[in-house]
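Please read the structure below before turning to the comments.
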Amino acid sequence: MSEIFAQITVEELARQLAETNADKLQLVDVREPYEIELAALPGFVAFPLSEFAEWSGEIDARLDRDTETLVLCHHGVRSAQMCQWLTDRGFTNVKNIVGGIDAYSMVVDRTVPRY
């Protein structure tokens, strides 16, 4: 898999979420529902990779190809897969969150549970 999408750190994510224009971001969480129950960040929409067959056909109706899209998982591997898939589908501003929610919990907000 050749990466043709950008990456951001959890510190950059925190900055973007704190900005007044954060509502202009598309926030995608590809973790499983049970993971999201354990730890979640507000504003992220769940697209579990295990349910790819259910939501992949409607991705163009649910996400805008040109809006900045930040993708989250536990450590950054599944989100990278999603970033690649979105980029292959013509999404132009996709960013993988390096280290995932685990890094966010360790570096940005220790109140977010680790698992």
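Looking only at atom types and distance, the side chain of Glu12 has a donor-acceptor partner in the side chain of Thr9 under 3.5 Å away.
Exactly one of Asp88, Ile4, Val94, Leu70 qualifies for a side-chain contact (heavy atoms from CB on, under 4.5 Å) with Cys83. That residue is Val94.
Under a 4.0 Å N-O distance rule, the pair Lys95/Glu68 qualifies as a salt bridge.
Two residues are said to be in side-chain contact when any heavy atoms from C-beta on lie closer than 4.5 Å; Glu51 and Glu54 meet this criterion. Between Val112 and Leu41 the shortest side-chain heavy-atom distance falls below 4.5 Å. In this structure, the side chains of Arg78 and Val71 stay at 4.5 Å or more apart for every pair of heavy atoms. Contact annotation: the side chain of Thr69 never approaches that of Asn93 to less than 4.5 Å [non-hydrogen atoms, C-beta and beyond]. Pro113 is not listed as a side-chain neighbour of Ser105, based on a closest heavy-atom distance of 4.5 Å or more.
Considering only residues two or more places apart in sequence or on other chains, Thr67 meets the side-chain contact (heavy atoms from CB on, under 4.5 Å) condition with Gln26, Asp64.
The ring pair (Phe, Tyr, Trp, His ring centres under 6.0 Å) contacts involving residues 79-115 comprise Phe52-Trp85, Trp55-Trp85, His74-Tyr115, where partners must be two or more places apart or lie in separate chains.
The hydrophobic clustering, which links ILVMFWY residues whose side-chain heavy atoms are closer than 4.5 Å, places Val45 and Ile97 apart. Leu72 and Ile36 are members of different hydrophobic clusters when ILVMFWY side chains are connected at heavy-atom separations under 4.5 Å.
Across all their heavy atoms, Cys73 and Gly76 have their closest contact at SG-N, 2.9 Å.
One finds the CZ atom of Arg114 at 4.0 Å from the CG atom of Asp102 (value rounded to the nearest 0.5 Å). Expressed to the nearest 0.5 Å, how far CD of Gln81 lies from CG of Leu86 amounts to 12.0 Å.
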